[in-house]
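In what follows, a structure is listed as C-alpha cells, so that the remarks can point back to it.
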Amino acid sequence: MNKNLIALAVAAATFSGAASAATVYSDDTSSLAIGGRVEARALLSENAKNENAPLLTQQTSNDVTDISRVRVNIDAKTQIADGVQGIGYFEREFKSDNANDENRYMYAGVNSDKYGQIVYGKADGSLGMITDFTDIMAYAGSVVGGSKLAVSDRTSNNLAYSGTFNNLTFKANYVFDGAAYNDTTGQKTNQNGFSTAAKYTVGDTGLALGVGYAQQKDQTAANNSVNQTSKQTFAVASYTVGDLYFGGLYKYGHRDANNLENGDLTDSQGYEFAAAYTMGKTVFTTTYGFMKDERNTSGAYDELANAVSVDGTYYFNSNFRTYASYTYNMLDKNKVGKVAASDQVVLGARYDF
C-alpha cells in the first residue's frame, strides 16, 4: 500500500497543490514557491433555466455543465530570526466561465517553529480543521461541514493563529468589524466574530479527536441597527487502520441556518459519516450527511440536507489523478424544488503542480 495515497485522499479538500509546488527561488534566508492545480470537471445535474422564477416552478434540464477551474498559488518565506520566519501566501482561482474568479487566500504573518503561526488577511478560519474529518471526497463537499459560519471558514479581515504541540493542534481566529455592500439593496453589511478548534491525535492508535466552536454577529441594515448572533459547536472523531479510514462529525448550531421551504432563520443539528479505502493506486470514498431544522414550529419541511456521496479516484502519480463522483440527494423535490434536490454526477481530471 502507498501510505501517501490515503493521506492525499483524506486531505484533498484542504490542499491546492502546495505539496508539489516548485521552488523558483531560494537562498540562505528566503524561498519562493509556485504551485496550484488544473482541474477539468464535467457536472451532470438538474440546472435551473429561469433564475428569477420561484424555486418550485423553475424549469430544469439535465445538461452537462463545465465547472472546470485552475488555482495558482505563491508561497514565500524568509528567515527573520532563529527559528522564526516571515511568510506570505496568495492563491487565485479561475473558473471556466470567468464569472466567479476569486482570490482564495491573501495573507502574511510570522511563523515560529516553536510557538506556531499568526497571519492576517484572507485566511482560513479554525473550523476547517474539524470539518476536514469528513470532507474527504474528490468532488462532493461536506453537507454538514459546509454549513459552518463565515467567520470560521476562509474569510478576509481575519487574524488567525495555529500551532501544533506534539499530538495537539490548536487554532483560533478573529474576524474584525468591516464592511461589505449587498449587491441588490446597496445596504452596508458586516459579519464579525471568532472561532476556535483543537485536534488531538491519540499516539499511534490511529484515533484522532477534535472539537470546535464559532460565534458570529451579523449586521444587516444600512445603519447597522439590526444585529443577530449565530453560534456553532462541532465535535469529530476519526480512526485509521491499515487501508481504511473512518470519520464522524456532529454539529449543533444556533441561528445558523435557513429553512429550505420558507427561508426562516433557525437552529440546526446535523451529523455526518465518512469512510475511505485505498486499494493500490485507487482510493474509494463515501460520505453520508444529514442536517435538520432544530426548532421548526411552523410546520414547514425541516430537512436542511440529506445526501450520500460515493466516488473513486485513481492516482497515476502524485501530480495527476482522475475521478468519478456521484451524489444521491434525498431531499424532497416537492418541498425544495428539483434543483435543490438534484442528484449529481461528476467526472474529473486533476493535475497538481
Do [X] and [Y] come within less than 4.5 Å of each other through their side chains, counting heavy atoms only?
X      : Y      : answer
Asp267 : Arg255 : yes
Thr23  : Leu32  : no
Gln344 : Tyr139 : yes
Val143 : Met291 : no
Tyr277 : Thr282 : no
Ser126 : Ser152 : no
Asn319 : Tyr351 : yes
Phe234 : Val211 : no

Closer than 3.5 angstrom, by distance alone: can the side chain of [X] be matched with the main-chain N or O of [Y] as a donor-acceptor pair?
X      : Y      : result
Thr201 : Gly203 : no
Asn173 : Val151 : yes
Asp311 : Ala140 : no
Thr196 : Ala172 : no

Does the ring center of [X] lie less than 6.0 Å from the ring center of [Y]?
X      : Y      : result
Phe170 : Phe165 : no
Phe316 : Tyr314 : yes
Tyr107 : Tyr89  : yes

Would you kindly confirm whether [X] and [Y] end up in one hydrophobic cluster when ILVMFWY residues are joined by side chain heavy atoms under 4.5 Å apart?
X      : Y      : answer
Tyr323 : Ile136 : no
Ile80  : Tyr25  : no
Tyr174 : Leu127 : no
Leu168 : Val202 : yes
Tyr239 : Leu209 : yes

Measure from NZ or CZ of Arg92 to the centre of the six-membered ring of Phe90, then state whether that distance is under 6.0 Å and the direction lies within 45° of the axis.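 No, Arg92 and Phe90 do not form such a contact.
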
Within 45° cone and under 6.0 Å: Arg154 NZ/CZ vs Tyr105 ring: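 The answer is yes, since Arg154 meets both limits relative to Tyr105.
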
Using only heavy-atom distances, determine whether the side chains of [X] and [Y] contain a donor-acceptor pair under 3.5 Å.
X      : Y      : result
Tyr252 : Glu294 : no
Ser298 : Asp264 : no
Thr164 : Thr169 : yes
Asp256 : Gln216 : no
Thr287 : Glu272 : no
Tyr315 : Asn317 : no
Ser147 : Lys251 : yes
Lys77  : Ser30  : no

Flag the pair Arg69 and Glu102 as a salt bridge only when some basic side-chain nitrogen lies within less than 4.0 angstrom of an acidic carboxylate oxygen. no

How about Tyr328: does its OH atom have over 12 heavy atoms from other parts shown lying under 6.0 Å from it?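 Atom OH in Tyr328 is not packed in, count stays at 12 or less.
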
Audit row: Val144, Thr134, side-chain contact (heavy atoms from CB on, under 4.5 Å) steps and yes/no: CA-CA 9 Å; Val144 180; Thr134 55; over 6 Å; no

If I take atom [atom1] from residue [X] and atom [atom2] from residue [Y], how far apart are they, to the nearest 0.5 angstrom?
X      : Y      : atom1 : atom2 : answer
Ser96  : Asp66  : OG    : CG    : 4.0 Å
Ser195 : Met129 : OG    : CE    : 9.5 Å
Arg41  : Lys95  : CZ    : NZ    : 7.5 Å
Asn259 : Arg295 : CG    : CZ    : 11.5 Å
Asn166 : Tyr200 : CG    : OH    : 8.5 Å
Gln269 : Asp302 : CD    : CG    : 11.5 Å

Please give me the minimum heavy-atom distance between [X] and [Y], naming the atom from each residue.
X      : Y      : answer
Phe353 : Arg71  : CZ-O, 3.9 Å
Ile130 : Ala198 : CD1-O, 3.8 Å
Phe284 : Met279 : CE1-CE, 3.7 Å
Asn103 : Lys122 : O-NZ, 2.7 Å
Phe133 : Gly210 : CZ-N, 4.5 Å
Leu149 : Gln232 : N-OE1, 2.9 Å

Should Leu159 and Ile118 be marked as a side-chain contact (heavy atoms from CB on, under 4.5 Å) after you check the CA-CA gap, both sets of side-chain angles, and the distance that decides it? CA-CA 7 Å; Leu159 181 66; Ile118 186 166; 4.0 Å; yes

For Ser309, run the side chain to side chain donor-acceptor pair (under 3.5 Å) check against Asp343, Thr327, Thr285, Asn329 and tell me which one passes. Thr327

Applying side chain to side chain contact (heavy atoms under 4.5 Å, CB included) between Leu260 and each of Asp293, Leu331, Asp332, report the one that passes.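 For Leu260, the side chain to side chain contact (heavy atoms under 4.5 Å, CB included) check succeeds only for Leu331.
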
Name the residue from Ile87, Val119, Val84 that meets the side chain to side chain contact (heavy atoms under 4.5 Å, CB included) definition with Val110.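 Going through the options one by one, the only one that passes is Val84.
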
Begin with the C-alpha distance, continue with both residues' side-chain angles, and end with the deciding distance and a verdict on side chain to side chain donor-acceptor pair (under 3.5 Å) for Gln85 and Asp113. CA-CA 8 Å; Gln85 304 87 37; Asp113 297 339; 3.3 Å; yes

For Tyr271 and Phe290, what are the C-alpha separation, side-chain angles and deciding distance, and is it a ring-ring contact (aromatic ring centres under 6.0 Å, His included)? CA-CA 6 Å; Tyr271 55 84; Phe290 177 84; 5.7 Å; yes

One pair to check against ring-ring contact (aromatic ring centres under 6.0 Å, His included): Tyr288 and Phe273. What are the steps and the verdict? CA-CA 5 Å; Tyr288 171 72; Phe273 303 101; 7.2 Å; no

Is there a side-chain contact (heavy atoms from CB on, under 4.5 Å) between Asp218 and Ser230 once you walk through the steps? CA-CA 8 Å; Asp218 297 302; Ser230 303; 3.9 Å; yes

